Structure formats: C-alpha cells, structure tokens
There are 2 protein chains.
Amino acid sequence: MSRRRVTLADLAEAAGVSRTTASLVMTGRGRELRISHDVEQRVLRAADELGYRPNAVSVGLRTGTTRTIGFVSDTVATSRLAGDMIKGALEAARERGVMLFIGESEGDPELERGLLHAMQDRQVDGIILASMFTRTIKVPKDIGPAVLLNALPRPASGLPSIVPDEIEAGRSAARVLLDAGHHDEVYVIGAGPTLRDVPADSVAAVERLIGIQETGLKIAGGRVCPDWQPEHGLAATRALLAEHRPRALICLNDRVALGAYQALGEAGLSVPGDVSVVSFDDHPIASWIWPKLTTVALPHYELGRKAVEVLFAQMAGEVEPGQVFRVPMPVRHRESVAPRS
Amino acid sequence: MSRRRVTLADLAEAAGVSRTTASLVMTGRGRELRISHDVEQRVLRAADELGYRPNAVSVGLRTGTTRTIGFVSDTVATSRLAGDMIKGALEAARERGVMLFIGESEGDPELERGLLHAMQDRQVDGIILASMFTRTIKVPKDIGPAVLLNALPRPASGLPSIVPDEIEAGRSAARVLLDAGHHDEVYVIGAGPTLRDVPADSVAAVERLIGIQETGLKIAGGRVCPDWQPEHGLAATRALLAEHRPRALICLNDRVALGAYQALGEAGLSVPGDVSVVSFDDHPIASWIWPKLTTVALPHYELGRKAVEVLFAQMAGEVEPGQVFRVPMPVRHRESVAPRS
DNA sequence: TCGCATCGCTAATCCGATTTAGCAAAGGGA
DNA sequence: TCCCTTTGCTAAATCGGATTAGCGATGCGA
C-alpha cells in the first residue's frame, strides 16, 4: 500500500505557495520570472523533504515531449549483435535522461506499422529504425523524427543513416595480411572473388570486397556461401582446399571462419603456421576458438550510441537531410595471422 | 510537415456529437450508456476516415494506466541470453497491447534506482526485474507491481519469481547419459563433485549438481572452474585428462564444453566415440561445433514470456505472494552422446 | 393532465503538470 | 500627491482524453 505520489499541488501546499510558483522553481525558471530567493529555497526544501518528482506522463501531455524514444528493429533484439546495439543506445539515452521503448517487427510491415503507431501514440520524441544486418529498407511514411540504424533508405527519404564503415573494414582486413607479407595466395571465403559473387542483398559482402580490392591485395580466388554460417564456411573451405593451397584466408565473418578452422584442421593445416586467417564481425566466438581469431569488429555498441546522438542532433536541426554516418570498424589483432614465410 | 494528430475533439466535431459521446463510443461503452446505434456508427465511420487514434499519454494521465511495462536488468541486455529473454517478453507484451521500456543497471544500485524512478515517473503499469544469471537479489522498496526474472528475492519480498528449473535440468542431463548406458566414469567440468565445489554465487551450479545426484548417476569426479569460459573449460579438462580416462563429461555450460572439446581433441579422444559430452544452456555455439553438442537449454524466450504473463496475473491478483515459477529446461538432443560401448 | 421512468445525449470536472496573462504592493520620479 | 515601473507572485487556461452527474424529450400509467 504505497502512499500516493507527491504531486505539484502537494508540494505547493507544503511550501505555502501556488502551483505556478512551485512549477517555476522546479523547472528552473524561477530567476527568469522573478521568484525571490527566499521562496525558491522554501520550495526546493519542501521538494526535497517530500521527495517530489514530476509526473512524466503529465509533463508529456502538457509539453508534448516525453523524453522517450522508440527503438524498432526487424529482429535485431534477438541476436547477440542487437544486444550491444541496444546497450549503446541505452547508455547514450540515459546520459540524456531519455528512456527507450523497444519493439521488434520480425520483418513484418504490418507489425512494424503497429509498433510505430503504438510508439507515436505514446508521443515518443523520435524513433530509431534498426536492421539486423546492413541493408536498404523502405521507410514508412509520417514516421516523424527518425534515424536509420544499420540500414540505408531505399528511395531516398531524407532520414539520416548510421552504418558500419564496411569499405574501410575491407581495407583493414587486407592491410592486416599485407602487413604480414601476404601479397598472394590469399583466398576469400563467403563471397568473391568478384563483386557479383555475393549472397543476396548483402551490402556487407560487396563493400568488404571493394575495400579489399582497393588495397591492391591480389585475391587468388573466392567461394560464395549462400549464408554465412559455420557449415557453409566448412563446405566452402573444404572445396577450396581440394583445388588450392592457400597461404591466407579472408573469411567474411567469424561464423564462416569457424567452419574454415574446422576444414583446415581436417586437412592438417595449422593456423596461423600454414594459413593465416582474418575475419569480420568480432563475434564472441572469435576469442573462444584456438588460435584466437584476428577480426575486424562490427562496432555494435558504437552504432547504437551514434544512433541516439544523431537522432538528437537531427531534432536540433544539425543534420543534413539524408546524411550518412559511417562508424569505423576496428581491427582486433589476435593470433590467427602470422608473417608469410 | 506532418499534419497535427487527430484528437477526440476533431472526431467529435466530424461526427457532429459531443466529445463525451465520441469517447464513449471509442471506448466501447456506448451500449452501456445508451448511445444509439445510428450515432455510434457515425462516430466509428468518422474515426475510421480521420484515422483517429487516442493519445496514449492523455489516456495514461487520466486513467493512471499506460499499457507500458518496464524491463530492468543488471546487464542482461548485452548478452545473447538477454536477447531472447527480451524477445519473449516483447512478444507476450505485444499480445496484450503493451509496450516495453528497457533499462540496464549494470549492477549499480544507484543506477537501478534511477531507472526505476524514471519508469515510475512514466507511470509504468509494472516492472520486470531481470538478472543476467540466476541469483538472489535485494528488491528495492516501493517498486510497485513487479516480478523477478531469473532471480529470487533475498529477504523474502512477496514478489513472484520466474526461474529456470535447474534441478530438473540436472536430472535431464544425467538421464541423457544414463539412457546411453553411462553409469560410471562420468566426470563433471565446471563444478563438483560435491555441492561445495562451485563458483561463487552460482545457483545454477548447485542446482544442476543436485539434479544430477538425484538420478543416482555416480559422479566419478569434477573440476571447478572459477568462471565458465572456454579457457577454463580447456584447462580443467586438460587437468582431468592428466589423471583420468573419462567415458563421459557433463559440462556445466556450453562455453566450458567448447574448451573441453579442444582438450579432448588435443588428447586424441573423439567425441562421442571415446567420450560422450552433455552440457547446459544451448548457446548458439552448441550447434556450431562438431559434433554438435547435446545440451539442456536455458529457456530464455520462455522465461521472458512467462515474466510478462506472471506480471499481469499478479496485477489481476491471481498470484500467491512470493510464488516461484520454474520454467522447464528442454534437452536438445544432438550428436555429442553415444552409447557406452 | 400530471407524475415518473426511460432514453439519448452532453456539460463539466478531473488527471498533473506548464505557461500566459495579469494583479497587488512597493518604489521612484515629477 | 499622482502616475508609472518594477517586483513578486498567482489565477486561469491548456494539453487530450475518461468519467460523473444530469438535462431535455418522450412514453406510459393513472
């Protein structure tokens, strides 16, 4: 039986002033509207004693701003990836005194509409539309202030986007090998060797390949995987080993790399002694396997954080329409790359 | 420049009735308060044409209920585990037309207080207090309607708890081995052999061991790991293999099992030919490694879902104070167990 | 014809804040 | 002494709905 919340009216009565005065003091507009120092102190003291906290719902109704934002993802919340993205968004939000609604659309436009409505009905100040993997999406109409996270608008929509810098990541991966002296005999697992050999809809595959090529690293060959799962990595690498003897592999993500490790092991090849491996994503398994995998990290946490930052910047009118923010993907140097002997 | 939202007043004007009447119709109380079928239809048609949706903030202020619940975890949102828990909660919430606020306390009581306040200020209807791993927690005062997810109240608090049924999970794991004919030469990695050989604060370790023992399975020995990470599993299994020749291992989670796989491989022992392995959690890696790991799954999704269900049941007064709900942990039969030869 | 119940709808209040407009008292200049 | 500012505070309106109390018209029985 918790006692009723303390309202502004209670506070005003306790301090012996009007609700107006109490409100002015609590919102820091006392000076501006000539409330005496004496009265101000009285109100503040009473607020402290009563433990007064303004009812955010009421404030939301009156002011139209709720200090709340919505985070809608296709199915992001379920994957590990998502966790960190949400965590980043959460912390950036907390720093601004903002709460996060989350919702998952499961890729169903109908569900998505419902979620967006539910959030708009609750007067969210803005919305983050997040995608599980980097891709282009159609932006719903009348969405209000919003940013796209890990996604780009298909027909240009004017909304800002936050995406990982996959091209630079490709360059980084290639440079790791080049720096270790691997200039040839490098194969790609998961896509390639050309830009047309990629899984459907995969922005990441294309951009990573572009980045790799830009460094001048010569790709000796590649194997596409329909999906970047361990078993496909295993099969692709087995097939590759049947015909070639690579000195280095670029795996297009860590799960594929896990499969590659297995295939290399079967073939009696050691990592990194016989074959160096570099990968992408920095999934937790990258540091759970032996040798620990050198990989270019997807900056999930930073992406989430940046999304909130950009959302607020946008609401402050500081963002160009359609501006794209690319978040750097850092290299995690571990144990799967050795100098070319 | 989206046009202003349609309000009840707009709707009333369009339908040529009072706001009261419009409200009554929209809340379904038209019959009860004798609004004629004719007028009712007029209002409904106008609502449809204008696309009227009630402002949830206003409704929240007036009725005191916001169709919103808070999900506060220590650090759950970051781990994979969390994702599914949130997903389960999210879906159960959506079925009830409820939105979810999420927050992470990072285990910091001060932060937790702040989050709970922020949620209470926004008039959440209830709160789910979630923990990353099963443990006992101190429940904050004046929290209002709430349930504990993956946690038990330290001083009894009257709040209901939802936890995985770890004891039954222990039984299940043991039974998997017993059914395959493994009655002896079974070792535990991660804890044991006695109930005092467990990592600090680990409810899961204790209960899993209890369950195992209850089946009558004879535990030949065990190795504690300070933390259930792959490298500790690796070290513990190496140490075990230096002294014993197990025919089966019960790993206390999948990450530990990953380490055990590595150690067994080094020792030239094959899974499941030489050694059967059964584990707990059903982490994604369990099906990424070879042979795929037979494991007793932590039902994250179900836990999240149940939390929302219990929260609503509790608000409806259908839950005993302090009631504990144990969610079954299903066995995922895969390829790491073979009959004892 | 009067009184009373029923029908169908609406005026007014409330939720808990913010914000605008303005009032009473004190001070200052002519 | 009168008028005009300035000071310090408050009454009242507002946000968008839900809810309570009640009003006018009609029907019915006596």
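Below, each value reflects all heavy atoms present in this structure, side chains not excepted, and no hydrogens, waters or symmetry copies. What you see is a predicted model, and the numbers here were worked out from it, not measured in a lab. Residue numbers start from 1 in every chain, and the chains themselves are labelled A, B, ... in the order their sequence lines are given, proteins ahead of strands.
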Where protein sits on nucleotides 15-23 of chain D, one letter per nucleotide: B base, S sugar-phosphate only, - none, heavy atoms under 4.0 Å: BBBBBB---
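- Defined by atom type and a distance below 3.5 Å, a donor-acceptor pair is present between the side-chain atoms of B:Asn150 and B:Thr134.
- The distance from atom CD of B:Glu40 to atom C1' of C:dC9 is 14 Å, rounded to the nearest whole Å.
- Contact annotation: the side chain of A:Arg94 approaches that of B:Leu111 to within less than 4.5 Å [non-hydrogen atoms, C-beta and beyond].
- Across the protein-nucleic acid pair, A:His37 atom NE2 and D:dT7 atom C1' stand 17 Å apart, rounded to whole Å.
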Full working for side-chain contact (heavy atoms from CB on, under 4.5 Å) between A:Tyr301 and A:Glu91: CA-CA 9 Å; A:Tyr301 177 88; A:Glu91 287 193 14; 2.6 Å; yes
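- Contact check, B:Ser36 against C:dC7: no side-chain N or O comes under 4.0 Å of OP1 or OP2.
- Between the CG atom of A:Asp38 and the P atom of D:dG8 there is a distance of 11 Å, rounded to whole Å.
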side-chain contact (heavy atoms from CB on, under 4.5 Å) between A:Phe101 and B:Phe101, worked out: CA-CA 5 Å; A:Phe101 274 127; B:Phe101 273 127; 3.4 Å; yes
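- As rounded to whole Å, 12 Å separates atom P of C:dT10 from atom CG of B:Leu11.
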Run the side-chain donor-acceptor check on residues 41-49 of chain B: report pairs under 3.5 Å with partners two or more places apart or on a different chain.
{"unit_1": "B:Arg42", "atom_1": "NE", "unit_2": "B:Ala15", "atom_2": "O", "d": "3.0"}
{"unit_1": "B:Arg42", "atom_1": "NH2", "unit_2": "B:Ala15", "atom_2": "O", "d": "3.3"}

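- The separation between B:Arg31 atom CZ and C:dC9 atom P is 10 Å, rounded to whole Å.
- Side-chain contact check for A:Asp121 versus B:Pro54: every heavy-atom pair is 4.5 Å or farther apart.
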